[in-house]
Protein chains: 2
Amino acid sequence: MSNLKENNPDCTTCVAHGHSFFNILDKEGLSELALHKTCVTYKRGQFIFNENGFPHALYCLNRGKVKLCTIGVDGKEQILRLVKTGDILGYRALISNERYHCSAVAIEDSSICVVDRNYFLEATRKHPQLLFEVVRIISRDLKTAEEHIVSLSQRNVRERMAEALLFFKATFGFLPDGQTLNVTFSREEIADYVGTSTESAIRLLSEFNQDKIIELDGKKIKITNLPKLLKTANTND
Amino acid sequence: MSNLKENNPDCTTCVAHGHSFFNILDKEGLSELALHKTCVTYKRGQFIFNENGFPHALYCLNRGKVKLCTIGVDGKEQILRLVKTGDILGYRALISNERYHCSAVAIEDSSICVVDRNYFLEATRKHPQLLFEVVRIISRDLKTAEEHIVSLSQRNVRERMAEALLFFKATFGFLPDGQTLNVTFSREEIADYVGTSTESAIRLLSEFNQDKIIELDGKKIKITNLPKLLKTANTND
DNA sequence: ATTAAAATATGAGTAATATCATGTTTTAAA
DNA sequence: TTTAAAACATGATATTACTCATATTTTAAT
C-alpha cells in the first residue's frame, strides 16, 4: 500500500496553530525547511518506522495520533509513548545516531511531515535553538519514562489503570462534551500500556464503570467522576 | 557536615583515563573548564542534589559511585539510574531548565567535580559537541528507562532480579577476581531497583545462591554461573 | 446480508508475590 | 566492648493478578 503525499508546501498551518515543533524557526527558516520535507498520510495501523531500523528522517505529526511501541516478551507489545498533533517523532535515534528502539504506528489516520535527516542535522547546527528544543523534549520523555518506572514498581494494577486514563486525558484531552477521551484504544492496547493482562484491563474498566468513575460505550471512555479517578490513581498529578 | 574540597586543578587525570565526559574538549577548553569547577568529596549516603531542587551546577563523578533515586509511594525509594566514574549527573534538569525529579546520593565515598551552571550552558554554545554529547547521554538514558519499563511490565520478579544483577555488572563490572560485583547494595536497595518487596529480594538472592548461580558473602555478590544467570534473565543482552 | 474472526466480557481456579511474624546476624554507636 | 538498631533471613498466610475456559458482542471481509 503506497501512502499519499499531500500538497502541504510549508509548516505555516501547523505553526499558526501554535503547536508545531518548528514554531522556533523564523519565516526564512520555515521556507527553507519546506524545501526538505514532504507530507505523507498513514492509515490507522500503518508503521511510520520500525524498531531496529535506521532513521532517515525526522517526523512531525500534522494530523492524527501515533503510538511508539516495542515488542517485548513473547511478542507482547509495550506502548512506550503517545504522540499528538505538533509533536515530533523519531528524534531520539536520529539525533543520537542509533537504530530505533521502538516502532511508530498510526493509531488513527494521520498526516505526517517527513523532514530529511541530513537537512535536519544541518539545521540543528545552524539553529542551536532547534537542538535545545530536542534536548528539552527528550528530557521530558525521560522524566515521564522514569515516573512510569516508579508507577510500575510501586503501584498496583488498579492504580496504574487510573493513571493510564489520566495520562490519555493529559495527552489527547476530551471531545467537545468535556468528558469523553479524545482517543480510543483496544482493551489490549490499554493493557499493554498499563503492564497487565488484557483480561485484567477489561475487568478493571468494568469495575470503574460499576463504581461510576467512568462510562463505557464500546471503545469510547467517558470520565464521569474525575475526582474519584484521581483518588483511585492515588497520585498527585 | 561540610564537604572537603580537593585540590584537583584540571580534568587531565580523568581525561587521561579516557572515561570523562569532558574528553571532547581540547586542551584549551579543559583549562578554561578548570577555572569554573571545584572538586568536592561526599561520604557514603550524602546527597549531591535533591529532588525538587533547582540545578545550579553540572556534576562529574571523579571517584566513587552514585545512585539517582526518587521517593515514590509511601516513602518507598526507587532507584532510577546508577552513575559510575567519568559519568556526569544533573544534566537533565540543568539543560532543560527544570527542577530535579530525582535525588543523587553517594553509594560509596565519592569525589565529584562541580561545574558552574552558567559556565556550562555557555560552554555548550561555544562547543556544540558538548551539547550533542549531552543529547547522546540523555538518549541512552531514555532508551534504558524504556527497556526497564518493558521489563517491569512483562517480566516476573525472578527474571527482573537476574536482569538487575546483570545491570549492576554492566555498570560497575567485577572486582579483580572476575566474579564479584564491584558494587554493594543493601537488599532493600536491590528491591527498590527491581520493583519488589525487600523480603522477595532476599528470598530470590537466597534461591540464586542455592541454585549455584551466585554466591553471597554479606553484601558481596559473586556471579559464579553467568550463563545460568543470563538464562534466568531470559533476555538477549 | 452473511459469516468468520476478532474483541469484549466474566467466572473459576491457580500461581506469583506481598505482607506479617519472628528469629538471627551484622553494623554502628555509645 | 557492650548494646541498640538496622539489616538479613525464613516460614506462614493473605492477596493480587494471571491464566484458562467459555460466552457474547462487535468488527470486518466476502
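Throughout, protein chains are lettered first and strands after them, A, B, ... in sequence-line order, and every chain is numbered starting at 1. Everything numeric here is computed off the predicted structure, so don't read it as measured data.
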Restricting to pairs with a member in residues 199-211 of chain A, which pass side chain to side chain donor-acceptor pair (under 3.5 Å), not counting sequence neighbours?
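Checked against side chain to side chain donor-acceptor pair (under 3.5 Å) - neighbours excluded - the pairs reaching residues 199-211 of chain A are A:Arg158-A:Glu207, A:Arg158-A:Asp211, A:Ser197-A:Ser200.
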Strictly distance-based, threshold 3.5 Å: is any side-chain N or O of B:Ser110 a donor or acceptor partner for the main-chain N or O of B:Glu108?
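Pair found, side chain donor or acceptor close to backbone of B:Glu108.
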Quiz question: by atom type and distance under 3.5 Å, do the side chains of A:Thr70 and A:Glu51 form a donor-acceptor pair?
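The answer is yes; a qualifying pair exists.
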Could you walk me through whether A:Thr224 and A:Glu215 pass the side chain to side chain donor-acceptor pair (under 3.5 Å) test, one step at a time?
CA-CA 7 Å; A:Thr224 51; A:Glu215 263 174 40; 4.9 Å; no
Minimal non-hydrogen separation, A:Ile149 against B:Ala145, with atom names
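Smallest interatomic distance, heavy atoms only, reads CD1-O, 3.6 Å.
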Considering all heavy atoms, the nearest A:Tyr100-A:Gly90 contact
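Heavy atoms of A:Tyr100 and A:Gly90 come nearest at CE2-CA, 3.8 Å.
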Sub-4.0 Å heavy-atom contacts from residues 65-77 of chain A onto DNA chain C, ordered by number
none
Tell me the ring-ring contact (aromatic ring centres under 6.0 Å, His included) pairs involving residues 176-195 of chain B, sequence neighbours left out?
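Found B:His148-B:Tyr193, B:Phe167-B:Tyr193, B:Phe168-B:Phe185, B:Phe168-B:Tyr193.
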Looking at B:Lys76, B:Gln78, B:Lys67, which hits side chain to side chain contact (heavy atoms under 4.5 Å, CB included) with B:Asp192?
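So the option named by the test is B:Lys76.
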So for the helix from C:dA1-D:dT30 to C:dA30-D:dT1, with five pairs setting each end axis, what is the inter-axis angle to 10°?
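Nearest ten degrees gives 60° for this helix.
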Strictly under 4.0 angstrom, non-hydrogen atoms only: write out the protein contact profile of nucleotides 15-30 of chain D, one letter per nucleotide from the 5' end, B, S or -.
--SSBB-------S--
Under the ring pair (Phe, Tyr, Trp, His ring centres under 6.0 Å) rule, collect the residues that match up with B:Tyr59, sequence neighbours excluded.
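B:Phe49.
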